[in-house]
Amino acid sequence: MSFPLLTVTAALPAVGAVATAAVPAARRTAAKWLALIFSLATLVLAGVVLARFDPDGARYQLTESHAWISDFGVRYELGVDGIGAALMALTALLIPFVIGAGWHDADPDPEERVTSRWRPTQGFFALILAVEAMVLLSFAATDVFLFYIFFEAMLIPMYFLIGGFGDRAHAAGEEEAAKQRSYAAVKFLLYNLAGGLIMLAAVIGLFVVSSDSLGEGTFSLPELLRARADGELTMSTTTERLLFLGFFIAFAIKAPLWPLHTWLPNAMGEATAPIAVLITAVVDKVGTFAMLRFCLGLFPNASDWATPVVLGLALVSVLYGALLAVGQRDIKRLVAYASISHFGFIILGIFAMTSQGQGGATLYMVFHGISTAALMLVAGFLISRRGSRLIADYGGVQKVAPVLAGTFLVGGLATLSLPGLAPFVSEFLVLVGTYSRYPVAGIVATAGIILAALYVLVLYQRTMTGPVRKPEIERMPDLKVRELAVVAPLVALLLFLGVFPKPLSEIVDPAVEHTLSDVQKKDPKPQHPVADHTAWFDYKPAGHGGGDHE
């Protein structure tokens with residue numbers, strides 16, 4: 001199509017970031033509303049992208065291609081498959097809720113005006129919109145080098161959001177809290193920069209390989225996939241494995257996958273609740289998305305070679321994250337470790353190499369984003385009222401704030417994948433798809449379900465049930481109109497997609513089929529010997545030609 005829909009969709013929050021940052025310092029409320037309006041406009045365009053995507057059409061749609069750095073074969077190329085379109089919609093959906101939930105997170109504290117730092121409201125919301133723009137471009141980029149640029153560029157605004165706008169409900173003093181925020185931000189940046197540098201070496205290596213094979217180097221993903229399928233793009237086994245590892249390590253850090261996960265609990269613990277949602281529900285999805293698009297598409301043989309190890313690491317993530325979530329005393333760190341467990345499920349589904357597993361993993365990315373946003377944002381509202389992240393400082397909240405407790409429960413039940421809520425569909429597909437090819441891995445992963453029920457229900461019991469023992473809880477107000485406007489749509493989506501996920505699955509399934517075709521995998525045949533029982537299905541009663549069966 002002639003209209004550059006993908007470019008405009010990604011450019012709108014970037015323009016919004018500049019406009020929000022330019023609002024005069026005294027007009028904080030105007031800056032908030034401006035950021036919200038730009039995020040809602042982006043949501044409308046992302047909805048148009050999703051509506052215009054044809055599941056029966058070409059693999060990459062709404063494509064754009066323009067020369068950029070011709071001497072190095074770099075082009076400005078955009079296009080979305082079903083997975084990219086779904087994740088663009090998720091990103092655009094969550095950003096207005098992030099802005100609404102963080103409405104007062106960057107307001108200057110009257111007690112800090114003289115002795116402490118200034119919290120620039122305009123900068124806070126501008127950085128959120130900047131992250132949105134870069135994530136949207138990452139999901140749409142079909143030039144490998146262009147993807148790399150935005151994959152790395154999103155680290156800069158995230159660094160300032162984590163380090164500059166931390167959670168005020170901190171057990172330590174302001175000085176110690178600032179040190180911990182700085183540590184978390186630097187750790188986040190160093191981990192992801194290290195992965196990005198490794199990936200850059202692999203990107204350059206891929207260009208050299210394409211130059212040797214095709215006579216002219218290219219970063220165009222569709223061209224590389226075509227050449228790979230036609231046998232024109234050739235590389236030695238060692239080269240393919242090294243390039244695969246270069247990409248995979250960067251994506252595993254972003255995802256995050258054990259043992260490259262340690263930055264996430266620090267980052268989510270020290271960030272505000274909306275920024276914690278931005279990290280785990282939006283930014284981290286770029287890592288798992290890229291595994292499907294680049295690792296499996298470009299390096300199918302190496303992906304098959306690495307599958308046993310990756311499945312093992314994913315299982316460790318599932319169990320390790322869940323076990324550490326059970327033992328957490330900090331609400332936000334509990335959600336962080338639960339997310340590590342959930343990303344283990346996603347990666348397990350991706351490398352199960354089955355349509356059910358990869359389809360479930362894709363749906364898991366979307367549904368995990370919605371459920372984590374619901375749980376973490378309500379947890380943020382709870383923490384802002386009490387001024388503490390410690391579970392032990394709560395109890396009996398449901399007696400004084402029943403709506404808050406109820407929405408917290410729904411978010412928690414979605415996190416443990418209760419049937420009837422959206423994450424159940426995706427987790428079930430991941431487990432079934434994994435079991436059909438790797439039965440042992442599928443069986444072991446089910447332990448994560450039990451542990452999820454444990455850490456969610458224990459968290460709810462300790463914070464929401466029982467008598468009200470602390471005076472701060474007795475005075476706790478219920479959710480306000482703004483907070484309800486943030487949480488209610490997320491709860492409604494969890495319920496709707498839990499009983500009717502078909503519209504989304506129809507969009508992502510063709511992309512999953514293309515990915516399986518890239519790695520030359522087909523779904524394994526069922527173990528149950530159905531063919532041996534065809535005579536039973538052919539049974540016809542006497543008088544209807546079934547005399548031989550009497």
Side-chain angles (χ1 to χ4, degrees), residues 82-91 93-94 139 251-252 254-257 261 264 277 280-293 296 310-311 313-315 317-319 321-322 335 338-376 411 413-436 441-442 445-446 448-449 451-452 456 490 493-494 496-498 500-509 511-512 515:
I83 300 172
L87 291 175
M88 286 185 71
L90 171 70
T91 301
L93 171 71
L94 292 181
F139 289 138
F251 303 152
K254 183 84 78 178
L257 178 68
H261 67 286
L264 183 65
V277 171
T280 190
V282 176
V283 171
D284 288 354
K285 297 300 187 301
V286 178
T288 47
F289 162 80
M291 290 181 188
L292 278 166
R293 173 167 280 191
L296 271 60
V310 176
L311 291 178
L313 295 177
L315 287 174
S317 289
V318 168
L319 302 179
V335 178
S339 292
I340 292 171
S341 180
H342 294 149
F343 276 102
F345 276 111
I346 294 171
I347 297 171
L348 191 70
I350 291 172
F351 281 85
M353 305 293 186
T354 62
S355 58
Q356 287 176 320
Q358 292 187 354
T362 302
L363 293 177
Y364 213 135
M365 293 185 219
V366 177
F367 297 160
H368 169 264
I370 299 172
S371 63
T372 299
L375 180 61
M376 179 59 85
L413 293 177
T415 298
L416 64 82
S417 299
L418 182 76
L421 297 174
F424 169 77
V425 179
S426 53
E427 190 166 283
F428 178 78
L429 286 173
V430 166
L431 291 173
V432 170
T434 303
Y435 180 83
S436 65
T446 57
I449 301 175
L451 293 172
V456 168
L490 296 174
L493 275 173
L494 290 172
F496 174 76
L497 293 172
F500 191 56
K502 183 179 178 181
L504 188 59
S505 64
E506 287 182 339
I507 291 174
V508 304
D509 283 349
V512 169
T515 304

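Everything quoted here is computed from the prediction, not taken from an experiment.
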For this session: Under the side-chain contact (heavy atoms from CB on, under 4.5 Å) rule, what do Leu90 and Leu87 come out as? Steps first, then yes or no, please.
Result: CA-CA 5 Å; Leu90 171 70; Leu87 291 175; 4.2 Å; yes
For this session: Check the pair Leu292, Val512 against side-chain contact (heavy atoms from CB on, under 4.5 Å), reporting the backbone distance first and the verdict last.
Result: CA-CA 9 Å; Leu292 278 166; Val512 169; over 6 Å; no
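Rounding to the nearest 0.5 Å gives a distance of 9.5 Å between CG of Asp509 and CD1 of Ile83. For the atom pair OG of Ser371 and CG of Leu493, the computed distance is 11.5 Å after rounding to the nearest 0.5 Å. One finds the CE atom of Met291 at 6.0 Å from the CD1 atom of Ile350 (value rounded to the nearest 0.5 Å). A distance of 9.0 Å separates CG of Leu429 from CZ of Phe424, quoted to the nearest 0.5 Å. Between atom CD1 of residue Ile370 and atom CG of residue Leu421 there is a gap of 11.5 Å, rounded to the nearest 0.5 Å. Going from atom CG of Leu416 over to atom CD of Glu427 covers 8.5 Å, rounded to the nearest 0.5 Å.
In terms of heavy-atom proximity, Thr354 sits nearest to Ser436 at CG2-OG, 3.7 Å. Across all non-hydrogen atoms, the minimal contact from Val432 to Gln356 is CG1-OE1, 3.3 Å. Of all the heavy atoms in Ile449 and Phe345, the pair that sits closest is N-CZ, 4.5 Å. The two residues Ala374 and Leu494 make their nearest non-hydrogen contact at CB-CD1, 4.2 Å. The minimum heavy-atom distance linking Gly369 with Leu94 is given by the pair O-CD1, 3.8 Å. The two atoms that bring Leu451 and Ala322 nearest to each other are CB-CB, 3.6 Å, heavy atoms only.
With hydrogens and angles disregarded, no donor-acceptor distance shorter than 3.5 Å links the side chain of Thr434 to the backbone of Leu431. Of the possible donor and acceptor atoms, none in the side chain of Ser317 sits under 3.5 Å from a partner among the backbone N and O of Gly344.
Here the side chains of Pro423 and Thr415 are not in contact, with every heavy-atom distance at 4.5 Å or above. Residues Val508 and Val366 form no side-chain contact, since every pair of their non-hydrogen atoms from C-beta on lies 4.5 Å or further apart. Leu313 is not listed as a side-chain neighbour of Ile347, based on a closest heavy-atom distance of 4.5 Å or more. The side-chain heavy atoms of Leu311 and Met353, taken from C-beta on, include no pair separated by under 4.5 Å. Between Phe139 and Val286 there is a side-chain heavy-atom pair separated by less than 4.5 Å. Taking the side chain as every heavy atom from C-beta outward, Asp284 and Leu264 approach each other to under 4.5 Å.
Applying the side chain to side chain contact (heavy atoms under 4.5 Å, CB included) test between Thr288 and each of Ile346, Thr362, Leu257 identifies Ile346 as the sole match.
The closest side-chain donor-acceptor pair between Ser339 and Thr280 falls under 3.5 angstrom.
Relative orientation of the Phe496 and Phe500 rings is perpendicular, given thresholds of 30° and 60° on the angle between their planes. Tyr364 and His342 have tilted rings, their planes meeting at an angle from 30° to 60° on a 0 to 90° scale.
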